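Predicted, not measured: the structure shown is a model, and the values here were computed from it. Hydrogens, waters and symmetry mates are skipped; everything else that's a heavy atom, side chains included, is used. Chain identifiers are assigned alphabetically (A, B, ...) following the order of the sequence lines, protein sequences preceding nucleic acid strands; residue numbering begins at 1 within each chain.
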Number of protein chains: 2
Amino acid sequence: MNSLKQMDRGALSDALDHFGQRTTPQRETVFGVLLNQRDHPTADEVYARTKSQMPTISMATVYNCLETLVSCGLVKQVNIEREPTRYCPNLSPHAHFHCRETGRVYDVPVPSGMMQELAGVLPGEYEADSVELVFRGHLSKGKTK
Amino acid sequence: MNSLKQMDRGALSDALDHFGQRTTPQRETVFGVLLNQRDHPTADEVYARTKSQMPTISMATVYNCLETLVSCGLVKQVNIEREPTRYCPNLSPHAHFHCRETGRVYDVPVPSGMMQELAGVLPGEYEADSVELVFRGHLSKGKTK
DNA sequence: ATTTGATTTAGAATAATTCTAAACTATGTT
DNA sequence: AACATAGTTTAGAATTATTCTAAATCAAAT
Ligand SMILES: [Mn+2]
Ligand SMILES: [Mn+2]
Ligand SMILES: [Zn+2]
Ligand SMILES: [Zn+2]
């Protein structure tokens with residue numbers, strides 16, 4: 001399975017439209033790859049996955065599409081230390097957990113009350129429009145989910 | 001003013017000793033640069049500042065010293081988006097605020113209770129040994145501190 | 001059909017960081 | 001003191017994720 005669900009296809013063209021950008025097969029395929037396997041892939045990984053569905057796509061296009069999706073607000077970049085940028089289509093407020101052992105990155109839902117509280121630690125003159133929360137450690141048990 | 005205070009010199013050699021590393025003039029100078037101007041400089045900036053006190057130091061040595069200080073736990077790396085790594089000698093629990101307008105990075109103290117609460121959002125199987133919190137936005141007023 | 005501008009593409013360029021290998025320095029031993 | 005050893009510094013090369021460039025392709029509008 002790989003093609004975009006109707007809902008996601010709609011969200012994609014709405015967002016692209018809104019920023020005066022075209023809906024293209026490359027953008028649809030890259031977006032589908034991100035929605036389909038939500039493991040915070042790097043550009044390289046997105047390239048490999050997209051190429052398996054669309055063998056002619058280039059790395060440059062993957063970077064272009066990812067940048068477009070980010071600038072339209074459909075995808076977030078996740079930077080952890082100096083590692084290659086990862087991409088996350090989860091738009092709900094969440095933190096990331098980076099496992100030192102496997103290198104994998106997991107979404108951790110954050111109650112919106114907590115986000116409020118976080119904003120509260122900022123002195124008055126600081127006006128934040130984004131908050132980024134990253135945990136690092138390891139997962140206990142064989143729980144790899 | 002630039003030389004290390006006795007307290008800091010002690011902390012430095014203790015930490016280096018503890019990890020079987022030598023106290024060298026380069027390491028002292030780089031550490032002093034970080035303690036002296038706590039604006040989260042990049043390696044380039046640390047290089048420039050250190051060079052003004054020790055004109056023969058090389059970029060490679062600055063990177064080596066910074067890495068040594070980090071591995072001894074005296075300094076933290078601060079990564080924001082894809083920008084060059086910054087270095088922070090503030091060991092108390094704090095968040096960072098990145099001003100989109102000036103590019104500057106500020107320390108924001110975080111009450112330890114808040115850190116507890118943050119750890120609380122993690123499901124049981126996630127064991128975090130570090131938490132990183134970064135705000136992005138802008139500073140109101142001419143308050144450039 | 002033609003024009004226009006956006007998009008895709010291959011490959012070159014960039015830039016922060018890491019690596020390499022040689023010179024230098026400090027420390028411990030005879 | 002001379003020597004051996006291991007750690008450190010250094011210049012420059014290498015690496016690598018990402019961005020840039022310029023040409024080819026595509027799609028909408030006239
Ligand atoms: Mn990792
Ligand atoms: Mn910036
Ligand atoms: Zn995520
Ligand atoms: Zn800091």
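- Atom CG in A:L16 sits about 17 Å away from atom C1' in C:dG5, given to the nearest Å.
- A:T85 comes within 4.0 angstrom of sugar-phosphate atoms only, judged by non-hydrogen atoms across all strands, and of no base.
- The residue A:T61 sits close to a base: some heavy atom pair falls under 4.0 Å.
- Of the options A:R86, A:R136, A:R100, a salt bridge (Lys or Arg N to Asp or Glu O under 4.0 Å) to A:E81 is made by A:R136 and by none of the others.
- Phosphate contact (OP1/OP2 of D:dT9, side-chain N/O of B:T56, threshold under 4.0 Å): absent.
- Applying the under-4.5 Å side-chain rule to Ile, Leu, Val, Met, Phe, Trp and Tyr, the cluster around B:L91 consists of that residue alone.
- A side-chain donor-acceptor contact under 3.5 Å links A:S140 to the backbone of B:E125.
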Going 5' to 3' through nucleotides 19-30 of chain D, assign each nucleotide B (protein heavy atom under 4.0 Å from a base atom), S (under 4.0 Å only from sugar-phosphate atoms) or - (no protein heavy atom that close). B-------S---
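- Both A:T42 and B:M54 lie near DNA chain D, and the one whose nearest nucleotide falls closer to the 5' end is B:M54.
- In the set D:dT18, C:dT7, C:dA10, D:dT18 carries the atom at the smallest distance from any side-chain atom of A:A43.
- In this structure, A:I57 atom CD1 and C:dA10 atom P are separated by 10 Å, rounded to whole Å.
- Rounded to whole Å, atom P of C:dT17 lies 11 Å from atom CD of B:E83.
- For the pair B:R104/B:D39, no side-chain contact is recorded, criterion being any heavy-atom separation below 4.5 Å from C-beta on.
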Checking side chain to side chain contact (heavy atoms under 4.5 Å, CB included) for the pair B:H40/B:H96: CA distance, chi angles, key distance, verdict? CA-CA 10 Å; B:H40 305 89; B:H96 290 110; 3.2 Å; yes
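- Computed from coordinates, the B:F31 CZ to D:dT8 P distance equals 17 Å when rounded to whole Å.
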Side chain to side chain contact (heavy atoms under 4.5 Å, CB included) between B:F19 and B:T68: does it pass, once the steps are laid out? CA-CA 9 Å; B:F19 287 89; B:T68 299; over 6 Å; no
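- Distance B:E67 CD to C:dT17 P: 12 Å, rounded to the nearest Å.
- Proximity of B:Q21 to the phosphate of D:dT8: a side-chain N or O atom is located under 4.0 Å from OP1 or OP2.
- When the side chain to side chain contact (heavy atoms under 4.5 Å, CB included) test is applied to B:E67, the partners found at least two apart in sequence or on another chain are B:S71.
- Taking only side-chain nitrogens and oxygens, A:Q26 comes nearer than 4.0 Å to OP1 or OP2 of C:dT9.
- If you take OH of B:Y47 and C1' of C:dT18, they are 16 Å apart, rounded to a whole angstrom.
- Here C:dT7 presents its P atom at 15 Å from CG of A:L66, a figure rounded to the nearest Å.
- Put simply, CZ on A:R86 is 11 Å from P on D:dT18, counting in whole angstrom units.
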